[in-house]
Amino acid sequence: MTASDRGSPDEKPHTHEHDPGGSEDGESVAEFSVPEMDCASCAGKVENSVARLDGIESIEPQATTGTLTVAFDDGRTSEAAIVERIEGAGYAVEDGTATVTLSVPDMDCASCAGKVESALARVEGVTDHETRPTTGTVVVTYDDAVVVERELVGAIESAGYEVTDRDGATVEGDAESEAGLGSDSRARKTLVGGVALAGGLALEFVLTGLNATVGTVLGSDLHVASVLFLVAVAISGQAILRNGYYSARNLNLDIDFLMSVAILGALTASLAFGEALYFEAATLAVLFSVAELLESASMDRARNSLEELMDLSPDEATVKRDGEKSTIPVEQVTVGDVVGVRPGEKIPMDGTVVEGTSAVNQAPITGESVPVDKTVDDEVFAGTINEGGYLEVEVTATASDNTLSRIVEMVEDAQSNRTDREQFVERFAAYYTPVVVAFAVLVTVASPAVFGVAWSTAVVYGLTLLVLACPCAFVISTPVSVVSGITSAAKNGVLIKGGDNLEAMGAVDAVAFDKTGTLTKGELTVTDVIALNGNSEEAVLQCARGLEQRSEHPIGEAIVAEAGDAGVAAREVDEFESLTGKGVRADLDGTPHFAGKPGLFEELGFELSHVHATTDGGLASTARETSSDDESDGGVVTKTARQLCDRNNCLDLLDETVPRLQSEGKTVVLVGTEDEIEGVVAVADEIRPEAKRTVERLKALGVERTVMLTGDNERTARAIASEVGVDEYRAELLPDEKVGAIEELDAETEGGVAMVGDGINDAPALATATVGVAMGAAGTDTALETADIALMSDDLVRLPYLYELAGKANGVIRQNIVASLVVKAGLAIAVPFGLVPIWLAVLAGDAGMTVGVTSNAMRLSRVRPDETGE
C-alpha cells in the first residue's frame with residue numbers, strides 16, 4: 001500500500017498522506033497494491049466491496065497494474081477499513097512494496113543486463129528485478145520502507161550504466177558514465193583507434209623501413225608500429241576496460257570481463273614472452289568497439305519498433321473548459337473533459353464523439369486499412385487520426401489508462417513472459433561461458449605440447465577462445481525475435497501478451513471458433529421475406545414491423561430494423577400482447593394480427609402444408625440476400641419459391657419451406673391475421689464475409705483441424721459449419737461443455753489448440769485453451785485483460801496473419817539459436833588448429849552473429865495481413 005503523494009526519491013515514503021489537491025477538508029487518497037486483482041471481474045468485486053463503506057468518495061481500480069486508488073473521508077473511514085473490505089472480497093493487499101521502471105539505454109546486451117542484475121541483487125529491500133535489454137529498461141520491485149529509488153539508481157550506476165528516466169521522469173545521476181556519453185563519443189574513439197591500428201599495420205607490413213625502434217621495454221624492442229597499436233588500445237579500449245572493471249566488481253563473467261582479460265593478457269604476454277602481441281591487443285580493442293557499436297545500432301532497430309508505438313499518441317490536447325479552448329499536456333486532461341480535434345490531427349485521448357462527423361483512421365490501434373466513419377456517440381481511440389471533419393470528443397480515460405497506453409504497457413510486459421526456448425537458452429548460457437573459458441585455459445596450456453606451437457601462439461589461441469566464450473548473440477537471439485514479432489503484431493492490430501503466447505500460437509495444430517460474434521456478426525438480420533396469398537413483400541414487412549416494434553426480443557428488433565431500412569411505413573398498433581414462447585399479437589389499424597412460430601398458426605387452425613405464394617399481379621415472394629440486386633422485379637416467382645413449390649404456386653410451409661430455412665440456420669417467423677397467412681420472415685445471425693476465407697487461409701498455412709463450438713441448436717450449427725468450411729462442429733454446448741471440448745481437443749493434438757472468441761462469455765474456454773484469442777478487443781477492457789492474444793479490430797482477417805507471424809517467429813528463433821550455436825562452436829573447435837585469427841573471432845563470432853540474429857529477427861516486421869481477400 002502506498003500513499004498517493006510520495007516525497008522526493010530520497011525521502012522515505014509515508015504510509016498515507018492527505019491529497020493536497022482534494023477539494024474538501026478530510027478527504028484523503030490512498031493507493032493499494034492488489035496484485036491478484038488482474039481482470040475486470042476481479043476489479044468489479046473489489047470495487048463493490050469497498051463501495052459499501054461510508055465515506056468513500058471515489059474508487060479507481062486498475063487491473064492492468066494491480067492497484068486500487070481510493071478517495072475517502074478520513075473522518076468517516078480509514079485505510080485499515082478499506083484494506084479489510086479488499087481482503088473481504090478475496091484479494092490480498094501487499095504492504096510496503098513499490099515497483100519502478102528505470103530507463104537504462106546503454107544496457108543493450110545480455111552481459112550488460114547481467115551486471116545490472118548483480119548490482120541490484122546486493123541492494124537490501126529489492127524483492128524482484130527484471131532487466132529488458134531489448135528495450136533498455138529495468139523493472140524493480142522493492143520494499144519502500146527499506147530502500148528508496150535513489151539507491152536503486154545508484155546501484156545501477158555503480159554497475160557502469162547511467163539511468164536516464166524513471167517512469168518517464170528524468171533522473172539526475174551522480175555517476176559520470178562513459179556509456180552514458182552516448183555512442184557518438186565511443187564512435188569517435190573507435191575511429192581514432194582504428195586509424196592508429198591502420199597506421200600500425202601499414203608500418204608493420206608495408207612501410208617496414210619506417211618502422212623504427214623507439215625504445216625497449218623489459219628487454220624487448222618497441223617499434224613505431226607497436227606504439228601505434230598501444231595508442232589504439234588506449235583510446236578504443238577505454239570503454240572495454242572500464243566495463244570490464246565493473247564486471248569484475250560485480251563478479252560477472254561476461255563479454256566485457258573476457259575482452260578486458262584478453263586485451264590485458266595480450267599486453268602481458270608481450271612483456272612476458274618477448275614476442276610482441278600489441279597488434280592482437282589493438283585488434284581486440286578496435287574490432288570489439290566496432291562490434292559493440294554495431295550491436296547497439298541493431299538493438300536500436302528493435303527498440304525503435306516499440307518506440308514507434310509510444311510515439312503514436314500526441315503530447316498535447318486542445319481542451320474546451322468554461323467556454324474557452326486551451327492547449328495542455330495530455331497528462332493534465334481529465335475524464336469528462338471535451339477535446340477538439342481538427343482534420344489531420346491525431347485524437348489525443350480515448351473518448352466518445354459529442355459533436356461532428358468524420359472518417360477516422362484507426363490503423364494505429366486496430367490495424368484496419370480503411371478509415372471508419374465516426375459520428376455522435378461513437379467511440380474513438382487515442383493515437384488514431386482524424387481524416388476529415390472537425391470532432392469534439394468527451395474524454396473517457398486518462399492518458400495513462402487509455403487503450404494505446406495499455407497496449408504499449410502490455411507489449412513491454414510481454415517480454416517478462418519467457419518462451420520455452422528462451423528459458424533453455426538462459427540455462428545453456430549459464431554453462432557455456434565457464435566451459436569455453438576452461439577450454440581456453442586448456443588450449444593455452446596444452447597447445448605447445450600437443451600441436452608444437454610457441455607459447456605466444458598458444459596464448460593467442462587462448463585469447464581467441466575468450467572472445468568466443470561470451471554467449472551474447474546466443475542469449476539475445478530469442479528475446480530480440482520476440483520483441484520484433486510482438487511490436488510488429490501490435491502495429492497491425494494484434495496484441496500478443498507474452499513471448500510464450502507468440503511461441504504457442506505458432507505451434508498450435510487446431511483452432512476452435514465460437515460461433516456467435518466470431519464466425520457470425522453476432523447481430524440478427526432479416527435474410528428472407530416470402531410474400532403469400534397475394535400480399536406484397538412491403539405489406540409483410542409493414543405488418544411484421546407493427547407487431548414487433550413493441551417487442552424487446554432480438555428477433556423483433558431485427559425485423560423492425562429491416563423494415564426501417566426498407567422505408568416501410570409504420571401502422572397504428574393497439575392491444576399489443578406477448579404470447580410467451582409462441583410470438584406476439586396486436587391490432588394493426590383495427591385488425592388482429594399475429595407473428596410467431598409456425599406452431600402458433602397451427603393452433604389458429606391454418607393448414608401450413610398448403611399456402612399460396614404471391615406471383616403475377618403482385619410482388620413475387622422473395623428470398624432476400626444481403627446484396628442489393630436481390631429485390632424482386634415484381635412479376636416472377638423467385639428461385640426460392642420455385643424450388644419450394646410442389647404444385648402451382650403452392651408452398652408446403654410445414655414440411656418444406658420452414659425446415660429448409662431452418663436447415664440454413666435461420667429462425668422462421670410467420671405473419672398473418674386470423675384469416676390468412678400473409679408471409680414468412682426468416683432471421684439469422686449473418687455469417688461474416690471473411691469467415692470462410694479465414695478458415696481456408698488457416699488450413700493453407702498448416703492448421704490441421706478447425707472446429708466450431710456453439711450453444712446453438714444442431715441444425716443451425718450444421719448450417720453455419722457447412723457454409724464456413726470448418727472441419728467439425730459441436731452444438732448445444734454449455735460454457736463448461738465448451739471447456740471440456742477444448743480439453744479434449746488439446747489432448748488430441750500435439751501442438752495444442754487456439755480458442756477464438758469475444759473474450760467475455762467465452763472466458764473459461766479462452767483460459768483453458770493453449771492460446772486464447774479475443775476479437776474486437778479495442779473497446780473491451782475484459783478482452784484486453786483476459787485473453788492471451790487480442791485482435792483489436794472486429795475482423796477475422798487478422799487471425800491467419802497472427803498464425804503466420806507466430807509460425808515465422810518460431811522459425812526465426814530456431815534459425816537464430818542454431819546459427820549462433822553452430823558458428824560459435826565451429827570457430828571454437830577450429831581455434832586450436834590455427835584456423836581462426838583473433839579478428840575473425842571478434843567480427844564473426846561476436847559482432848557478426850549479434851547483427852545477424854537481430855537483422856533476421858527484424859524480418860518479422862515484413863509480415864503483413866492479407867487485406868486483398870485473395
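- In this structure, Glu387 places its CD atom where more than 12 heavy-atom neighbours from other residues, nucleotides or ligands lie under 6.0 Å away.
- Proximity of a side-chain donor or acceptor of Arg545 to a complementary backbone N or O of Ile559 within less than 3.5 Å is not detected.
- Distance check, rounded to the nearest 0.5 Å: CD of Glu548 to CD of Glu557 gives 10.0 Å.
- A 4.5 Å side-chain heavy-atom check between Asn535 and Val671 finds every atom pair outside the cut-off.
- Salt bridge Glu737/Arg730: absent, no basic N to carboxylate O contact under 4.0 Å.
- Taking 4.5 Å as the limit, every side-chain heavy atom of Phe513 sits out of range of all side-chain heavy atoms of Ile720.
- A distance-only check finds no donor-acceptor pair linking the side chain of Asn501 to the backbone of Ile496 [under 3.5 Å].
- Applying side chain to side chain contact (heavy atoms under 4.5 Å, CB included) to Asp788 and the options Val773, Thr770, Val771 leaves one that passes, Val771.
- Residue Glu704 holds its CD atom at 12.5 Å from NZ of Lys699, rounded to the nearest 0.5 Å.
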- Apply side-chain hydrogen bond (donor to acceptor under 3.5 Å, both in side chains) to the pair Thr520 and Asp685, showing each step before the final yes or no. CA-CA 6 Å; Thr520 65; Asp685 183 4; 2.5 Å; yes
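- Using a 4.5 Å heavy-atom cutoff, the side chains of Glu714 and Glu732 are in contact.
- Note that the CG atom of Asp528 and the CZ atom of Arg660 stand 6.5 Å from one another [nearest 0.5 Å].
- Of the inter-residue distances, the one linking Leu709 atom CG with Tyr729 atom OH reads 12.5 Å to the nearest 0.5 angstrom.
- In terms of modelled atom types and a separation under 3.5 Å, the side chain of Asp565 and the main chain of Glu562 share no donor-acceptor contact.
- Taken from CG in Leu701 to CD in Glu696, the straight-line distance is 12.0 Å, to the nearest 0.5 Å.
- Looking only at side-chain heavy atoms (C-beta outward), Val668 and Val680 come within less than 4.5 Å of each other.
- Exactly one of Val511, Leu745, Asp514 qualifies for a side chain to side chain contact (heavy atoms under 4.5 Å, CB included) with Met755. That residue is Asp514.
- Around NZ of Lys582, the count of heavy atoms belonging to other residues, nucleotides or ligands within 6.0 Å does not exceed 12.
- Atom CG of Leu796 sits about 6.5 Å away from atom CG of Leu519, to the nearest 0.5 Å.
- Two residues are said to be in side-chain contact when any heavy atoms from C-beta on lie closer than 4.5 Å; Glu676 and Thr673 meet this criterion.
- With respect to Arg705 and Asp727, no salt bridge is recorded, no charged nitrogen being found less than 4.0 Å from a carboxylate O.
- Two residues are said to be in side-chain contact when any heavy atoms from C-beta on lie closer than 4.5 Å; Asp373 and Thr357 fail this criterion.
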- Message: Using side chain to side chain contact (heavy atoms under 4.5 Å, CB included), reason through Arg697 and Tyr801 one step at a time and then give a plain yes or no.
- Response: CA-CA 9 Å; Arg697 179 68 177 146; Tyr801 158 75; over 6 Å; no
- Before giving the answer on side chain to side chain contact (heavy atoms under 4.5 Å, CB included), spell out for Met708 and Val724 the whole-Å C-alpha distance, their side-chain angles and the decisive distance to 0.1 Å. CA-CA 10 Å; Met708 184 183 77; Val724 171; over 6 Å; no
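- Proximity of Met775 to Arg798: side-chain heavy atoms (C-beta onward) are nowhere separated by under 4.5 Å.
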- Would you sort out whether Val508 and Tyr803 count as a side chain to side chain contact (heavy atoms under 4.5 Å, CB included), showing the intermediate values? CA-CA 9 Å; Val508 297; Tyr803 184 74; 3.7 Å; yes
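- Checked by atom type and distance alone, the side chain of Arg85 pairs as donor or acceptor with a backbone atom of Ser49 at under 3.5 Å.
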- Please walk me through it: do Thr375 and Asp378 pass side chain to side chain contact (heavy atoms under 4.5 Å, CB included)? CA-CA 6 Å; Thr375 187; Asp378 285 342; 3.5 Å; yes
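- For the pair Ser358/Leu391, a side-chain contact is recorded, criterion being any heavy-atom separation below 4.5 Å from C-beta on.
- No option in Asp587, Asp589, Thr591 other than Asp589 meets the side-chain hydrogen bond (donor to acceptor under 3.5 Å, both in side chains) test with Arg571.
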